[in-house]
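Quick notes on the structure that follows.
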Amino acid sequence: MAALRDSGVAPVPFRQFVLKIHSRCNLACTYCYIYEGADSTWRLRPVRMSVRTMRAAVARIAEHVRAHPIAEIRVEMHGGEPLLGGPGPLVGLADMLRAALPRSCTPRVVVQTNGTLLTGAVLDRLGAAGIRVGLSLDGGSREFNSRRVDHAGRPSWPAAARAARLLAERPEVYAGILTTIDVQSDPAGLYASLLSLRPPSLDLLLPHANWTTPPPKGSGPAPYGEWLSTVFDLWWTAERPGPPVRLFHEIIGLLLGRPSTTESVGLSPMAALIVDTDGSIEQVDSLKSAYEGAASTGLDVFEHTFDAALDHPGVAARQLGLSGLSGQCRRCALVDVCGGGNYAHRFRMADGFLNPSVYCVDLEQLIRHIAHRLDEALGDLRNAPGRSTNTP
């Protein structure tokens, strides 16, 4: 690491902090990469994050913000299912955070939940504490959520549907919906079902998979790219603007020359970390889909600063941008937009992470499709009545 820093590669401070409030979940989703995947370290963690650990984590966040003048951070409370301990610990943590941070820094506090434990009273309490709520769903109907069941095999959809209705009535609290796509599902039907829940934003995620553990198969050479392109066209051509879809916004922004704000695409350095229930500092959870202990840093909030985590080889590797990619990626014409895809999706047991994404062909198909639609729209603007034909 010393040689890396000596070469002029400076670390990028963390701006997103994910705190694991509860390490267990009341659902047993059949595809969950945390509880059904390659990494089982969750079994060794305390069930809940203690108040002592919360205080230590908050102190480290405030310390990091003061060391690196940061105007805004995002703090996400995750699990497992973070509401298994009730809203009290979440509210308490948010209060600690705001009391500890300097006034120059604005925290965006979000809890990501499966929605099954949300009630009107819980939402009102979270909203009063300035905590926004994101839902994790596979779609907006019972049909699309058949894989999201509890430990007895009972469907979670009735409770999740209630949560979505309650959130739609409280737009100031509603952060949006996160959906891991199922390539076997009907993209148009799924997208329409999500819109019916009136989310303020959508995050469509590729399943966490890699070359050693490939994603579920679909039809055609780029099934995930085709699936997402279908949804993009519905979103792009809608008569009334739909909610922002993060992946689409990111790709459009990159095509127009803006930096990315997510590690799913683009070359911007990773700036997020995890604090687990025992205070362990870890890299992002997606790495748990690769192998046992892949997200571990060996650091914790009681003994180590977040600056120490910046010097961890795994963190540094995800802040290298172009120079951290495989030769195939560096030679690709789309590298500035694709960025090699999600780091976890590049893993292969034989040679680690120095590979293209397992979704390489899908990302290429989607990026080229969006670029084509964007070029069409810009051409329509150039040819609009009243515009000079000499306009560049």
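- No donor-acceptor distance shorter than 3.5 angstrom exists from the side chain of Arg132 to the backbone of Gly127, with no hydrogens or angles considered.
- Remark: Glu172 does not engage Arg170 in a salt bridge, criterion side-chain N to carboxylate O under 4.0 Å.
- Side-chain N/O atoms of Asn355 and Arg348 include a donor and acceptor closer than 3.5 Å.
- Side chains of His369 and Asp233: a donor-acceptor N/O pair is present below 3.5 angstrom, by distance only.
- When each of Ile274, Val75, Asp276 is checked for a side-chain contact (heavy atoms from CB on, under 4.5 Å) with Val18, only Ile274 meets the rule.
- The OG1 atom of Thr53 sits 10.0 Å away from the CD1 atom of Ile21 when rounded to the nearest 0.5 Å.
- Comment: Asp285 engages Lys20 in a salt bridge, judged by a side-chain N to carboxylate O separation of less than 4.0 angstrom.
- Note that CD1 of Ile367 is 5.5 Å distant from CG of Leu334, once rounded to the nearest 0.5 Å.
- For the pair Trp211 and Met349, the minimum side-chain heavy-atom distance is 4.5 Å or more.
- Annotation: the span from Thr113 atom OG1 to Leu83 atom CG amounts to 4.5 Å, rounded to 0.5 Å.
- For the pair Thr179 (side chain) and Leu137 (backbone), a donor-acceptor distance under 3.5 Å is present.
- Between Pro13 and the options Ile70, Val65, Ile73, a side-chain contact (heavy atoms from CB on, under 4.5 Å) holds for only Ile70.
- Ion pairing between Arg373 and Glu376 holds under the 4.0 Å rule for side-chain N and carboxylate O.
- Asn342 and Tyr359 are not linked by any side-chain donor-acceptor pair at a separation below 3.5 angstrom, with hydrogens and angles left out of the test.
- The closest side-chain donor-acceptor pair between Thr41 and Glu292, if any, does not fall under 3.5 angstrom.
- In this model, no donor atom of one side chain and acceptor atom of the other lie less than 3.5 Å apart for Asn26 and His151.
- No donor-acceptor distance shorter than 3.5 angstrom exists from the side chain of Ser289 to the backbone of Tyr33, with no hydrogens or angles considered.
- In this structure, a donor-acceptor pair under 3.5 Å is present between the side chains of Glu81 and Asn114.
- Counted within 6.0 Å of CZ on Arg198, heavy atoms from surrounding residues, nucleotides or ligands total 12 or fewer; the atom is thus considered open.
- Classification of Glu72 and Arg15 as a salt-bridged pair fails, no side-chain N sitting under 4.0 Å from a carboxylate O.
- Gln112 and Ser136 share a side-chain donor-acceptor pair at under 3.5 Å.
- Checked by atom type and distance alone, the side chain of Gln319 pairs as donor or acceptor with a backbone atom of Val12 at under 3.5 Å.
- In this structure, Phe248 and Phe232 have perpendicular ring planes: the angle between them is above 60°, well past the 30° mark.
- Under a 3.5 Å cut-off, the side chain of Ser323 and the backbone N or O of Leu320 do form a donor-acceptor pair.
- You'll find the ring centres of Trp42 and Tyr35 inside the 6.0 Å limit.
- Between the side chain of Thr230 and the backbone N or O of Glu226, at least one donor-acceptor pair lies under 3.5 Å.
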Original post:
Going through the checks in order, is the salt bridge (Lys or Arg N to Asp or Glu O under 4.0 Å) test met by Glu169 and Arg165?
Top reply: CA-CA 6 Å; Glu169 296 167 359; Arg165 289 194 299 270; over 6 Å; no
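- In this structure, a donor-acceptor pair under 3.5 Å is absent between the side chains of Ser193 and Ser196.
- In this structure, Arg45 contributes its side chain and Asp278 its backbone to no donor-acceptor pair below 3.5 Å.
- A cation-pi contact, defined as under 6.0 Å to the ring centre and within 45° of the axis, is absent between Arg346 and Phe353.
- Aromatic ring centroids of Tyr191 and Trp235 lie 6.0 Å or more apart.
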